[in-house]
Amino acid sequence: MDAKNINLEQLNKVESNQRYIAGMTPILKKEALFSDTSENYVIPAEPSAYDPVTIKFRAGKNNIDRVFLVTEGQKHLMVKNYSDENFDYYLTTLQLENERLIYYFEVISGRITCIYDIRGFAREADEAHRFTIIPGFRTPDWAKGAVMYQILVDRFYNGDTSNDVLTGEYSYINEQTRKVEDWNRYPAQMDVREFYGGDLQGVLDKMDYLEDLGIEVIYFNPLFVSPSNHKYDIQDYDYIDPHIGKIVKDEGELLPEGEVDNTKASRYITRVTDPVNLEASNELFAKVVKEAHKRGIRVILDGVFNHCGSFNKWLDREKIYNKQNGYKPGAFVDYESPYHDFFQWHDGNQGRWPYNTTYDGWWGHDTLPKLNFEASRKLQEYILYIGKKWVSPPFNADGWRLDVAADLGHSPEFNHYFWQEFRRAVKQANPDAIVLAEHYGSPKEWLFNREWDTVMNYDAFMEPVSWFLTGMQKHSDDYRADLLGNAAAFFAAMRMHGADMPAPSLFTAMNELSNHDHSRFLTRTNRKVGRANSLGSEAANEGINKAVMREAVVLQLTWPGAPTIYYGDEAGVCGFTDPDNRRSYPWGQEDQELIKFHKEMIRIHKENKCLKRGSMMELIAEYNVIGYGRFQPEDQVVVLLNNGEEEITRDIAVWRIGVPKEGVMQRLMLSTEQGFTTEKKEYPIIGGKVTITLPKTSAIVLQYSKTKKKNFLHFM
């Protein structure tokens, strides 16, 4: 055989090998697969009904053969649109109807066919974990990732002592009110009728503090006229309580010692029923909102519409509105009251009047009469009016938080009907207002049907964070060693419950560590099971771990949603569950270092767009160790927490969130047992990974930097 034939045979063999190699598909890189419903992968992120929407899917570069978007049994072939250093990006455009688009991806790589959904890589499709787009469902842009601050006004700051509730001013639950003279005193066990004197003027006086902290939204616990310090028993939805507002006319007498008949509480009656005081208080609230808006701070009100209070002018069990000019008779007093149908009567025989006590109370509490919406269109219309009134001029609030929202009405059908009507009315009055609900359990029925914008995020934030970092239930009622440090359970809970929220809801969800209903997070770090009535209030301060608290704050300010700080958490306030969690803000005794830490984490949150609206990816999940990335095309952040008792060193695959395989990442925050630092430090990216060493009980936040690669002798 001559050389010519040999060369031809070799050439054919080489070409055959090349064709074979070209036809091979490399091993599937499961870690490279990604999609979600953020603005990075759904364009536009909040599409209108009947509009086209483009959906994106990411895979390893030259790593898959095909990917289909699967919806309602139909497969849509996605087309490779562009590539970068590590990934190929596939797109498909669908024409929406006015129905939810529910989908997942089918990925084919050689002989491998897999599913990609909210769980990530999966072998089989699961209906509970499919992606969902709701045409026409939008939440306010300002609320996405917004830093919120919750204020229980009576305990924040006393800016006007002339409006303080006085000792003996009136009676509530058979005992007279009491003015607390010592601002720093712990709440009493029966605290509901004790007042510290915080008010809206106090919020105005501390607006510089809130702005300096970096707050973008104030969420107020109820502000309307009410006999309690917490004000979840509304007396008059039309007016701000003069005790936290403005008292201009201050006439009348206090109750004699031992007296509980509020018809004799003439000082109180003047304060809360005289139009001069009521209008002045509304004007002060409008001033608060205006001042907040001037500083770029939004304001959310608390809407308590499932029930009102026994003092309410519609019921008037205390008979304080009876015979007052401008007020119609309450349903407790008069069978012919125009508000009769606002309440459900267990014995509605006319002979039970006056003073019929058989009205339905929420959970049996006669101080919390349940509103009977189904029986009264007038009541429905009035609450819709209230919903619109406070988000409209001259008040201009920016939305509502809805108390026990799933309980409103007497049937699920009416509940869903009313909240659709409420959200529609509020949005008509103020298209940029938010409607978020207090809800335990899955909010899917309400969110997917466009009845609420979002929720207080218990299931997909507060509870998983508390279990992982402290092993404690949110009331401090239980300790679970099996959940402490359980990273798999943490991420599983986040995924499972997060799947019940569409992206517009997830990015606006109120992510809290503490609030007025649960123990303070800092107290949970001591892992003491119990409440103030069994352990004593001082026990809430003992054995706390501020390093764990800082871990939680890092998580709170870097997780998808609206991080919501309960007043005083940033200053080191402790407390078991209600009422101990409602301690006063410790002005002059603040933990300044913890405040500074919050300010720095808020700054980091606000300076990195990916922390407000970016995608999220789990990067590491081990016992006591979690790591995740937040990312958009223009910026990427990595967070690693070590909640254990030993130092760790881990290689984190940062290439998965779009960071180049070579370069540097810059440290934005390091928190350890000794404290925290924002001193900049660079970490080399080698082969798409960053090596991080963390001491016990610590957290670190890294940001991708485009700085040129340097020589590194020491890094942490």
| request: May I ask you to decide if G361's main-chain N or O and D366's side chain share a donor-acceptor pair within less than 3.5 Å? | output: no
| Is the charged tip of K319 near the ring of Y355: under 6.0 Å from the six-membered ring centre and within 45° of its axis? | yes
| field | L402 and L436: CA distance, side-chain angles, deciding distance, side-chain contact (heavy atoms from CB on, under 4.5 Å) verdict | value | CA-CA 6 Å; L402 306 174; L436 66 89; over 6 Å; no
| task | Would you sort out whether K599 and D212 count as a salt bridge (charged side-chain N to carboxylate O under 4.0 Å, His left out), showing the intermediate values? | result | CA-CA 8 Å; K599 287 169 69 171; D212 184 57; 2.6 Å; yes
| remark: Of all heavy-atom pairs linking G258 and Q176, the shortest is N-NE2, 3.4 Å
| query | Going by atom types only, do N511 and N457 share a side-chain donor-acceptor pair under 3.5 Å? | reply | yes
| field | Whether E512 side chain and M456 backbone form a donor-acceptor pair below 3.5 Å | value | no
| request: Test E438 against V404 for side-chain contact (heavy atoms from CB on, under 4.5 Å), laying out the working first. | output: CA-CA 6 Å; E438 177 196 28; V404 293; 3.4 Å; yes
| note | Paired with H307, the ring-ring contact (aromatic ring centres under 6.0 Å, His included) test is passed by just one of F373, F343, W362, namely W362
| message | Can you confirm if the NZ or CZ of R155 lies within 45° of the ring axis of Y567 and under 6.0 Å from the centre of its six-membered ring? | response | no
| Distance flag, aromatic centroids of Y172 and F311, threshold under 6.0 Å | yes
| Donor-acceptor pair between E279 and N282 side chains, under 3.5 angstrom | no
| Side-chain donor-acceptor pair under 3.5 Å between E216 and Y149, yes or no? | no
| said: So that I know where these two stand, are F305 and F422 an aromatic pair - ring centroids less than 6.0 Å apart? | reply: yes
| query | Out of W314, Y268, Y327, which one pairs with Y321 under the ring-ring contact (aromatic ring centres under 6.0 Å, His included) rule? | reply | Y327
| message | Counting the benzene-type ring for Trp, do Y458 and Y440 have ring centres under 6.0 Å apart? | response | yes
| query | Quick check: does any side chain N or O of T525 sit under 3.5 Å from a backbone N or O of M549, one acting as donor and the other as acceptor? | reply | no
| query | Y157 and Y585: aromatic ring centres closer than 6.0 Å? | reply | no
| said: For F395, run the ring-ring contact (aromatic ring centres under 6.0 Å, His included) check against W390, Y239, F224 and tell me which one passes. | reply: W390
| request: Kindly state whether the ring of W587 and the ring of Y209 have centres lying under 6.0 angstrom apart. | output: yes
| request: Using the test side chain to side chain donor-acceptor pair (under 3.5 Å), find all partners of K287 that sit at least two apart in sequence or belong to another chain. | output: none
| note | Between G330 and Y339 the two heavy atoms that sit nearest each other are CA-CD1, 4.5 Å
| task | Decide yes or no on salt bridge (charged side-chain N to carboxylate O under 4.0 Å, His left out) for D580 and R583, but give the supporting numbers first. | result | CA-CA 6 Å; D580 197 40; R583 298 181 183 184; 3.0 Å; yes
| So, for F332 and W345, is the gap between ring centers shorter than 6.0 Å? | no
| Aromatic ring centroids of H243 and F195 under 6.0 Å? | no
| request: Carefully, step by step, assess K370 and D407 under the rule salt bridge (charged side-chain N to carboxylate O under 4.0 Å, His left out). | output: CA-CA 10 Å; K370 184 169 174 62; D407 285 10; over 6 Å; no
| field | Pairwise salt bridge (charged side-chain N to carboxylate O under 4.0 Å, His left out) hits with a residue in residues 519-537, at least two apart | value | D477-R531, R520-D569, K528-E542
| message | Assess the residue pair D403 and N306 against the criterion (side-chain contact (heavy atoms from CB on, under 4.5 Å)); give the C-alpha distance rounded to whole Å, side-chain angles, the decisive distance to 0.1 Å, and a yes or no. | response | CA-CA 7 Å; D403 185 60; N306 166 67; 5.8 Å; no
| query | Taking only residues two or more places apart in sequence, or in another chain, which ones meet K206 in a side chain to side chain donor-acceptor pair (under 3.5 Å)? | reply | none
| said: Can you tell me how far apart OG (S519) and NE2 (H475) are? Round to the nearest 0.5 Å. | reply: 8.0 Å
